[in-house]
Amino acid sequence: MARPNDDVADLLFEYADLISITGGDAFKARVYEKAARAVAGFHDNVADLDQRGVERIPGVGRSIAAKIVEYMTTGRVAAIEELRAGIPDGVRRLTAVPGLGPKRALQLYRELGISSIDDLAAAIQAGQLRELKGLGEKSEAKLLHGIDLLRSTGGRSKLHVAEELARRLVATIATVDGCQRCAYAGSLRRMRETIGDVDILAAADRSAPLMEALVAQPDVAEVVARGETKTSVRTVAGVHVDLRVVPLAAWGAAMQYFTGSAAHNVRIRELAVRAGLKLSEYGLFDAGTGELLVSETEAEVYERLGLPWIPPELREDRGEIEAALRGDLPDVIAADALRGDLHTHTNLTDGQASAEDMVATAAARGYEYYAITDHAPDLYMQRMSDEKMLAQRTRAHALDGAYSGMRVLHGTELNIGPDGEVDWPAEFLAGFDVCVASVHSHFTQSSDDMTRRLIRACENPHVHIIGHLTGRKIGRRAPIDADLDAVFAACARTGTALEINSHPDRLDLHDEHILRARRHGVKFAINSDAHSTIHLPYVRYGVGMARRGWLTGADVINTWPLERLRSFLAV
DNA sequence: GCCGTTTTCGGCCCGACTGTTTTCAGTCG
């Protein structure tokens, strides 16, 4: 069940696109996009709000609120249906082709009747596009190439893939003669769950040698654009990389600018304009005299606008600017705040490494405690038994304190059955230090059944943490259908923590869920779900999600000292 | 269409790159 807020957001995005395509007021289109984002991120369910309530969503005024109420009561919005009637849905999808925007999409539809990507490909093959004003042979080739890309990759990279590429490119470019600084920015710095483009920023007096170094990388498949300040390439894996080179003096302004998000930057620039200033990637200027005021660090750019430095993960225009103006930004959880990991596997079930290797690697990370939580018997393929689990407990006790004094907890990852029951009876469960419980089967239950199932698991006093709540796998498996707010409320009521599963294929919960759950007063556990020693560092992605969800260390039980954690688990 | 520490009207972020334009429109981020 999509949350009504998400349906409304999709509708508002569609309306914004339709306004752009039909040549409507660009400012109006932007207002609808902004409202769509605000609705998607709003904590209350729009279905529960009346006109006045909806108008309290930032960026939603009387007109948009009326459309939302109309949609919630009738299931349709007359104004949107009207625009839809004039523009086939395929025309909107044309703008997904890289290099093709709303103006061209409308031109192609009006003049050639193109209303799908297949139509577009056929028209290009027939050489029809070059007959149109403003288009030529190169445009045809570019759009054909764009269609190929869209059909092959579909777009975004997983977080760890983009991060690995970005780190490698930064390390390479940083060693080029004349490179004064180099770092990645963009959605990767903000730790979004998937990455569209990798943005690399460098400071140098002469950009050419840096651009050359990027273009010369062996995995660069294509140079998309090449200029004095910006070069764009596509890798053989299909990842788009932009390198921007700026003067060192502009480093801070450029980092701020290229980190985004677009929505955050629009707000920041509006603040600048209202203060008689102009902000660009080259600095903050006096709008009247053109005098450069600040540009060297991000902090001074924010400071000159009356704001504290805002952590990149918060820069989504989800209230961070208002909070910053109030002096009320959360002290978000630090990258090194975790004292332990509470969901990991060994080769007793489907992990790759022995308990000894996992524990030794975890201890080398500096953890104070570490839980082994192998699968329970209801996941039949893992062939777990009481005897095997008890034998592992003996090994876990032997490992307790054996590496750098790290305490080893013995736990399990239970299976939440179709009715919310878990694998073992209470007396056996009581023998574990920590129990994670997760859905591993029956993913397609109705929303009502799934909600009841999850709440029942929360109410089990031996279940401490719900693992990867939605079960989604990015790009592969859709999330389960449940009333998540009801589950969040149950977690808060029963003192059951919610996992932030850090595996880059999962990232479950993700940021918007975390924001909502946090409002219910839920506590969280940031876990690796490691099936190998190399997965243990994945918790940095979970911390990224937590920061995007505005969590502080106090919200996350595995930042707590062991004694406090134990009393939480004991309740 | 939204919004208000110069405002209930008149603004609304800014620059790079490309292609076809001989001065600029479209797209992107």
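Just so we're on the same page: letters track the sequence lines, and every chain starts at 1.
Distances from the side chain of A:K230 to the nucleotides B:dC12, B:dC17, B:dC14 place B:dC17 closest. The side chain of A:V31 approaches B:dC2 more closely than any other nucleotide in the set B:dC2, B:dT7, B:dC12. Of the candidates B:dG19, B:dC13, B:dG1, the closest approach to any side-chain atom of A:I64 belongs to B:dG1. Each of B:dC17, B:dG29, B:dT27 was ranked by its minimum atom distance to the side chain of A:A225; first place goes to B:dC17. Comparing B:dC14, B:dG1, B:dT20 by their closest approach to the side chain of A:K278 singles out B:dC14. With distances taken from any side-chain atom of A:S63 to the nucleotides B:dC14, B:dA16, B:dG1, the minimum falls on B:dG1.
A:Q256 has its CD atom 13 Å from the P atom of B:dC14, to the nearest Å. Residue A:F258 contributes atom CZ, which lies 10 Å from atom P of B:dC17 at whole-angstrom precision. Atom P of nucleotide B:dG19 and atom CG of A:L143 are separated by 11 Å, given to the nearest angstrom. Taking atom CD on A:E33 and atom P on B:dC2, their separation rounds to 15 Å, with Å as the unit. If you take CG of A:D242 and C1' of B:dC28, they are 9 Å apart, rounded to a whole angstrom. One interatomic measurement links the two molecules: CD of A:E281 to P of B:dA16, which rounds to 6 Å at whole-angstrom precision. Whole-Å rounding puts the A:L129 CG to B:dT20 C1' distance at 14 Å. Between the C1' atom of B:dG29 and the OH atom of A:Y184 lies a distance of 19 Å, rounded to the nearest Å.
Using a 4.0 Å cut-off between a side-chain N of Lys or Arg and a carboxylate O of Asp or Glu, A:E320 and A:R326 do not qualify as a salt bridge. Salt bridge present: A:E163 and A:R167 bring a charged side-chain N and a carboxylate O closer than 4.0 Å.
At least one side-chain nitrogen or oxygen of A:S139 sits closer than 4.0 Å to the OP1 or OP2 atom of B:dT20. In this structure, A:Y257 does not reach the B:dA16 phosphate: none of its side-chain N or O atoms is under 4.0 Å from OP1 or OP2. Not one side-chain nitrogen or oxygen of A:S232 sits closer than 4.0 Å to the OP1 or OP2 atom of B:dC17. Considering only side-chain N and O atoms, A:K34 lies nowhere under 4.0 angstrom from the phosphate OP1 or OP2 of B:dG1.
Contact annotation for A:E137: backbone-only contact, meaning every heavy-atom pair under 4.0 Å involves sugar-phosphate atoms and none involves a base. Here A:A262 lies out of heavy-atom contact (under 4.0 Å) with every strand. Across all strands shown, A:V97 has heavy atoms under 4.0 Å from sugar-phosphate atoms exclusively, and none from any base. A:D197 comes within 4.0 angstrom of the backbone, heavy atoms only, and of no base. When heavy atoms are screened at a 4.0 angstrom cut-off, A:R226 is found touching the sugar-phosphate backbone but no base atom. At a threshold of 4.0 angstrom between heavy atoms, the contacts of A:K142 with the nucleic acid are absent. Using a 4.0 Å heavy-atom distance criterion, A:I268 is classed as making no nucleic acid contact.
Other residues, nucleotides and ligands contribute only 12 or fewer heavy atoms inside 6.0 Å of the CG atom of A:D177. Annotation for A:R226: atom CZ counts as buried by contact number, over 12 foreign heavy atoms lying within 6.0 Å.
Heavy-atom minimum distance, A:V332 versus A:P311: CG2-CG, 4.1 Å.
If you check B:dT8 for Watson-Crick or wobble pairing at under 3.5 angstrom, you find it has no partner at all.
Screening A:K34, A:R190, A:R547, A:R192 for a salt bridge (Lys or Arg N to Asp or Glu O under 4.0 Å) with A:E316, the sole residue that qualifies is A:R190.
Side-chain N or O atoms of A:T259 include none that pairs as donor or acceptor with a backbone N or O of A:Q256 at under 3.5 Å.
In this structure B:dT7 sits in the syn conformation; its chi angle is within 90° of 0.
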